[in-house]
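Note sheet for the following structure.
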Amino acid sequence: MAATATIAGVVATSSVASAAATGPSPKPAPASQAMTGLPAAPVEKVIVTYKSKAEEAGSNTAAKKDAAAKGEKTGESLSFERRLAGGADLVDLGGEASKKDVNEVMAAFRADASVASVEPDIRAYAMAVTPNDTDYAKQWDLFETTGGMNVPGAWDKTTGSGVTVAVIDTGYAAHTDLAGNVVAGYDFISSSADARDGNGRDNNAKDEGDWNATDGECGTGSKASNSSWHGTHVAGTIGATTHNTKGIAGIAYDAKIQPVRVLGKCGGSSADIADAITWASGGSVPGVTANATPAKVINLSLGGASATCPSVYQTAINGAVSRGATVVVAAGNSNANVSGFTPANCSGVINVASTSREGNRSFYSNFGTSIDVSAPGGETRRATDTPGTVTTPENGILSTLNSGTTTQSAENYKPYQGTSMAAPHIAGLAALLKSAKSTLTPAEIESAIKANARPLPGTCSGGCGTGIADTVKTVNAVTGTTTPGGATFTNAANVTISDNATVASSLAVTGRTGNAPAALKVDVDIKHTWRGDLVVDLVAPDGTVRNLKGSSSSDSADNVITTYTVDASSEVANGTWKLQVRDVASGDTGYIDSWSLTF
């Protein structure tokens, strides 16, 4: 019986983290584990960002000289390795460094007035699982009314044609149910030992296997495990060939899949992952040939523990979004608040939690107020079943895989579970939307997905975003097709709420006839500590103000995430509506994350 895994992670810090948080970078949780503690392993490199006017910011020679000087000061063998796509420098510590040594090195850089930030080169790992069997009838996640994502009804409008989806993961294990949709990718693993191909970075994204031969090989707490072929499983959910009388159906089956390899032996580094995000979206990476087929959707089914989003990730994500790429990230599988996991806690991403076949939050899925939406991730065992067993393979997510235990062997199909499996459902949906309406921005795609999700039919403790994504409803919303319940208009552009300030976010409503309904739905997602500080109003096109929420000095809870029902029957529907938010006290700030009107 195949084993399962529902957790993967890293220890991460940023330049603003405390010294105690800059501990060893862990190696990956193996495929035989489920919801165990994160393993720990030494940090080997740090990422240094110099201030823009510093000589080191634009000169590799100066950066090399500074690394050597910091090495002499701390007694470590520091060396400049390379400049990253975002402008930061990767500095090698000269081997595995102790926690004390890492802290000393980072303190030395922080003490330099020319340094903007320094952070460990953390590692990220596949967030998946391993199970069993084949074909479309078993893909409940696509079509079942309870836990499925309502995909088939959208295929008459869009199948993903013209869109490339980058799967930043373990690479590609050759599979005939994927081959027709795969375009050239890249191997961004800079360590030849981790890459297992003998040469580090190259233009061959072949998955060489991520197995671990012995316990402890990837750090304290790590266990021996077989290769996961994780990236191939993720890719199948997004874009497996469909209508070919074999295997499974991909959600965006006419989209192109671009494998970008960042995870190898013992996971992958944040420096490599950040460069991969930049390259996949069409950005420039030093020493790497430009991407001939830039992706408009990027799937990151990887991550690890970090109280903050490392700047190396955020810089890369910001760049990708600015180039028009929608970035989808798995929330993580630790049954914990997603705020402690990265890159899920970075801004500008669609953060995806996992649900079960019954429509509950999967027992392993991370949760929290920063979850944007949920999607099927499956449960190949019950929460009370013995970890490492597969007792309900029919409830997992079936996709393309390989039968090799270490290196590639025969292709096959198996069900996995994990937020790694949930994220590609949203990446596939994003590809469908971009294909249906090429002018959509990443913010508009996120808004549409969130606004048209349906409430979980089961239970979710802790926060699962706006619900389970509904493919048909979302595609209909962006293509202007009338759906039951009327049209939804959304604005997901963030608006900062400062102390004692009044701000507004606008929505242009068009294509409606007559007046607004007597039960106008106003969905509000405001991130703000001490929500009692806030007064929230809906402003109609003619300037009429309807109060949605008053202030309260005793309401110290975080965030306003709810739906208000407003009698707007006296207002003309078409026109510019505004969500107005007034902060009436000092000490707490936040932002309007998104809001929508459903007519």
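What you see is a predicted model; the values in this text were computed from it and never measured.
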query: Can you find a side-chain donor-acceptor pair between D275 and T278 that sits under 3.5 Å?
result: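 Checked: D275/T278 side chains show no N/O donor-acceptor pair below 3.5 Å.
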- prompt: Between the side chains of Q314 and S347, does any donor sit under 3.5 Å from an acceptor?
  reply: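 Q314 vs S347: donor-acceptor pair found between side chains.
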List the atom of [X], the atom of [Y], and the distance in Å for their closest heavy-atom pair.
X: G86; Y: T315; value: CA-CG2, 3.9 Å
X: T529; Y: D558; value: CA-OD1, 3.4 Å
X: P442; Y: A325; value: CG-O, 3.5 Å
X: W140; Y: G378; value: CZ2-CA, 4.0 Å
X: L429; Y: M149; value: CB-CE, 4.2 Å
X: S553; Y: W530; value: O-CZ2, 3.1 Å

Report yes or no: does [X] contribute a side-chain atom to a donor-acceptor pair with the main-chain N or O of [Y] at less than 3.5 Å?
X: R361; Y: S461; answer: yes
X: T565; Y: A519; answer: no
X: N360; Y: S362; answer: no
X: E358; Y: G458; answer: no
X: S281; Y: I277; answer: yes
X: K578; Y: P541; answer: no
X: T158; Y: L432; answer: yes
X: S306; Y: T308; answer: yes
X: N491; Y: S506; answer: yes
X: D272; Y: V262; answer: no

Any side-chain heavy atom of [X] sitting closer than 4.5 Å to one from [Y]?
X: F363; Y: N335; value: no
X: I47; Y: S270; value: yes
X: W595; Y: L538; value: yes
X: V327; Y: V321; value: yes
X: I468; Y: P457; value: yes
X: P424; Y: S301; value: yes
X: M421; Y: T237; value: no
X: V297; Y: V163; value: yes

message: Using the rule given for side-chain contact (heavy atoms from CB on, under 4.5 Å), can you reason through E571 versus W577, listing the C-alpha separation, both sets of side-chain angles and the distance that settles it, and then say yes or no?
response: CA-CA 10 Å; E571 305 291 342; W577 296 74; 3.8 Å; yes
Out of curiosity, [X] [atom1] to [Y] [atom2], how far, rounded to the nearest 0.5 Å?
X: L597; Y: T488; atom1: CG; atom2: OG1; answer: 9.0 Å
X: K51; Y: S117; atom1: NZ; atom2: OG; answer: 10.5 Å
X: I317; Y: I298; atom1: CD1; atom2: CD1; answer: 9.0 Å
X: T164; Y: I257; atom1: OG1; atom2: CD1; answer: 8.5 Å
X: S447; Y: D523; atom1: OG; atom2: CG; answer: 12.0 Å
X: T419; Y: F367; atom1: OG1; atom2: CZ; answer: 13.0 Å

- prompt: Can you check side-chain hydrogen bond (donor to acceptor under 3.5 Å, both in side chains) on S399 and Y416, steps first, answer last?
  reply: CA-CA 8 Å; S399 191; Y416 274 15; over 6 Å; no
query: Given the rule in the side-chain contact (heavy atoms from CB on, under 4.5 Å) test, do I526 and Y591 qualify, once you have shown the distances and angles that lead to the verdict?
result: CA-CA 6 Å; I526 300 172; Y591 60 97; over 6 Å; no
message: Please determine whether side-chain hydrogen bond (donor to acceptor under 3.5 Å, both in side chains) holds for the pair D537 and N547, giving the CA-CA distance in whole Å, both sets of side-chain angles, and the decisive distance to 0.1 Å.
response: CA-CA 4 Å; D537 296 313; N547 181 249; 2.8 Å; yes
task: Applying side chain to side chain donor-acceptor pair (under 3.5 Å), name anything that partners S569, two or more places apart in sequence or on another chain.
output: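 S569 satisfies side chain to side chain donor-acceptor pair (under 3.5 Å) with D567 only.
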Full working for side-chain contact (heavy atoms from CB on, under 4.5 Å) between H425 and I397: CA-CA 10 Å; H425 283 76; I397 305 300; 3.8 Å; yes
query: Hey, which of V373, L456, T355 is the one that makes side-chain contact (heavy atoms from CB on, under 4.5 Å) with C464?
result: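 Option passing the side-chain contact (heavy atoms from CB on, under 4.5 Å) with C464: L456.
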field: Neighbour count >12 (heavy atoms, 6.0 Å) for atom NZ, K437
entry: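 No, because the 6.0 Å sphere around NZ of K437 holds 12 heavy atoms or fewer from other groups.
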field: CZ/R582: more than 12 non-hydrogen atoms of other groups inside 6.0 Å
entry: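 No, not enclosed.
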message: Per the salt bridge (charged side-chain N to carboxylate O under 4.0 Å, His left out) rule, what does the pair list look like for residues 364-373, sequence neighbours excluded?
response: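 Of all non-adjacent pairs touching residues 364-373, those that pass salt bridge (charged side-chain N to carboxylate O under 4.0 Å, His left out) are D372-K450.
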field: Chi angles and distances behind the side-chain hydrogen bond (donor to acceptor under 3.5 Å, both in side chains) call for T510, N574
entry: CA-CA 5 Å; T510 60; N574 287 339; 5.8 Å; no
field: Worked verdict on L579 versus L548 for side-chain contact (heavy atoms from CB on, under 4.5 Å)
entry: CA-CA 10 Å; L579 184 73; L548 304 178; 3.9 Å; yes
task: Start with the C-alpha gap between T159 and S161, add the side-chain angles, then the distance that decides, and say whether side-chain hydrogen bond (donor to acceptor under 3.5 Å, both in side chains) holds.
output: CA-CA 6 Å; T159 56; S161 178; 5.8 Å; no
